[in-house]
Protein chains: 2
Amino acid sequence: MSLDMLDPQVRDGINLGGLEQSLGFLLRVSQLKVFDHFFEKLGHIGLKPGEYSVLWVISHNPGIRQGQLAQSLAIKNAHMTKLIRSFEVYGFIERRIPEEDRRSVELSLTEQGEAFVARHKPDFFGYIQSLDSPLDEGETRELIRLLAKFSGISRESVQ
Amino acid sequence: MSLDMLDPQVRDGINLGGLEQSLGFLLRVSQLKVFDHFFEKLGHIGLKPGEYSVLWVISHNPGIRQGQLAQSLAIKNAHMTKLIRSFEVYGFIERRIPEEDRRSVELSLTEQGEAFVARHKPDFFGYIQSLDSPLDEGETRELIRLLAKFSGISRESVQ
DNA sequence: CATAAAATGTTTACAAGGAAACAATTATCA
DNA sequence: TGATAATTGTTTCCTTGTAAACATTTTATG
């Protein structure tokens, strides 16, 4: 047991003054840890988790409107426009303007896009397993449950 | 109880295909929620949480080296350089090149900087309380504990 | 000591992401 | 119906943050 373990606010000789208990700070640091691990393991694929998730959701909701997609992933419309265009150019996504509402855009995957999603599903949903986490399995499940509830993703948030 | 509550993967009519259980996605969405609330409540102050945390840590570690500061907050050196310069121009931070190692930079707050930190401490550490969270107090404490342990910030992570 | 290597910040050049203004289309309503 | 408002996505411009090359200083090595 080292000395600085006696002082809850000191880390690596730096006094964070209670920042260690701040939800915002902890979320940021945790996300960085996950992201760093992702890049180490899967950086070579060339898609980041957020980009894969765009393909993933289109795959599960063929014909989804671009705005709905953006909203469901909390990506801004302006940014989504760029993502969709580059996927279209790359040949993973098809855009269709429906006659019923010609303002909107309906998205679906090309055969190539579907193949990519299927091939890399184990990567994007499995990399987290290879992260050597200080949490045991039960704690990890609880963390996920609490985050889902907090963020309003979970049904638990419904009365 | 609505129908789509029976299907764990559907939200707002969109099938996320299990993304709701992904740690990376949940961390991102949770962080966005915290950040949005911050802006709503404290956007007028003109400093974001990460920027305030720079002042906060310097205040608790006067004379801290710029690199240590960057590391402790997981901010890259290149970015820290910009942050420090703008705080210096603004009159919140003083830089000092120590004789013992003239490559490095020691940071401290000006009187103005200290005053700002003190004045806004309740804002930056309290805004989270006003976020109407679906988590009760115990759950919030547990979430913070798990994040701290996961991210390696907590002493719990030490064997 | 002199040269090579490492450490510390800074600069430059770029990528990710967002806000605001915009164009096109559809809905509202007087 | 015709004008106004709202919706949907795009464009433009800007901010934030990063990577890579760099300058300076210190440490290590022959």
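Side chains are part of it too, since the values below use all heavy atoms of this structure and drop only hydrogens, waters and symmetry mates. Below, read A as the first sequence line, B as the second, and so on, with proteins coming before strands; counting in each chain starts at 1.
- At D/dT10, none of the side-chain N or O atoms of A/R85 fall inside 4.0 Å of OP1 or OP2 (strictly under the cut-off).
- For DNA chain C, the residues of residues 22-51 of chain A within the heavy-atom distance limit of 4.0 Å (strictly under) are A/K48, sorted by number.
- Residue pairs satisfying the salt bridge (charged side-chain N to carboxylate O under 4.0 Å, His left out) criterion with at least one member in residues 67-88 of chain A, sequence neighbours excluded, are listed as follows: A/E88-A/R95.
- The interatomic distance linking A/L69 (CG) with D/dT8 (P) rounds to 14 Å, in whole Å.
- Residue pairs that meet the side-chain hydrogen bond (donor to acceptor under 3.5 Å, both in side chains) test with at least one member in residues 123-133 of chain A, sequence neighbours left out, are A/H37-A/S130, A/H120-A/D123.
- The closest donor-acceptor contact from the side chain of B/N15 to the backbone of A/N61 lies at 3.5 Å or more, if one exists at all.
- Contacts with DNA chain D (heavy atom under 4.0 Å) in residues 100-107 of chain A: A/R103, A/S104, A/V105, listed by number.
- The closest side-chain heavy-atom distance from A/V54 to A/I84 is below 4.5 Å.
- Scanning all heavy atoms of the two residues, the minimum distance from B/P49 to B/F38 falls at CD-CE2, 3.5 Å.
- Contact of A/K82 with D/dT11 (side chain to base): no donor-acceptor pair of N or O atoms is detected under 3.5 Å.
- Residues from residues 87-97 of chain B that place a heavy atom under 4.0 Å from any atom of DNA chain C, listed by number: B/R95.
- When distances run from any side-chain atom of A/N77 to the nucleotides D/dT18, D/dG9, D/dT11, the shortest one goes to D/dG9.
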Return all side-chain donor-acceptor pairs below 3.5 angstrom for residues 26-36 of chain A, not counting sequence neighbours, or 'none' if the list is empty.
{"residue": "A/R28", "atom": "NH1", "partner": "B/L73", "partner atom": "O", "Å": "2.8"}
{"residue": "A/R28", "atom": "NH2", "partner": "B/A74", "partner atom": "O", "Å": "2.7"}
{"residue": "A/S30", "atom": "OG", "partner": "A/L26", "partner atom": "O", "Å": "2.8"}
{"residue": "A/K33", "atom": "NZ", "partner": "B/F150", "partner atom": "O", "Å": "2.9"}

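- As a whole-Å value, the separation of A/I75 CD1 from D/dT8 P is 18 Å.
- Counting to the nearest Å, the C1' atom of D/dT7 and the CE atom of A/M80 are 17 Å from each other.
- Every residue was checked against the ring pair (Phe, Tyr, Trp, His ring centres under 6.0 Å) condition with A/F25, not counting sequence neighbours, and none meets it.
- Side chain of A/S151 to main chain of A/L147: a donor-acceptor pair is present (N/O by atom type, distance under 3.5 Å, no hydrogens or angles).
- A donor-acceptor contact shorter than 3.5 Å is absent between the side chain of A/E114 and the backbone of A/E111.
- In this structure, CG of A/L83 is placed 11 Å from P of D/dT10, rounded to the nearest angstrom.
- Mapping B/P98 and A/Q68 onto DNA chain D by nearest heavy atom places A/Q68 closer to the 5' end of the strand.
- Note on residues 45-68 of chain B: no pairs pass salt bridge (charged side-chain N to carboxylate O under 4.0 Å, His left out), not counting sequence neighbours.
- The ring pair (Phe, Tyr, Trp, His ring centres under 6.0 Å) check on A/F92 picks up A/Y90, A/F116, with sequence neighbours excluded.
- Looking at residues two or more places apart in sequence or on another chain, you find a salt bridge (Lys or Arg N to Asp or Glu O under 4.0 Å) between A/R103 and A/D101.
- Counting to the nearest Å, the C1' atom of D/dT25 and the CD atom of B/E99 are 12 Å from each other.
- Regarding A/I84, its CD1 atom lies at a distance of 12 Å from the C1' atom of D/dG9, rounded to whole Å.
- In this structure B/E94 satisfies the side-chain hydrogen bond (donor to acceptor under 3.5 Å, both in side chains) test with no other residue, sequence neighbours excluded.
- In this structure, A/R145 pairs ionically with B/E139, as a charged nitrogen and a carboxylate oxygen lie closer than 4.0 Å.
- Read 5' to 3', the first and last nucleotides of DNA chain C with an atom closer than 4.0 Å to a heavy atom of chain A are C/dA16 to C/dT26.
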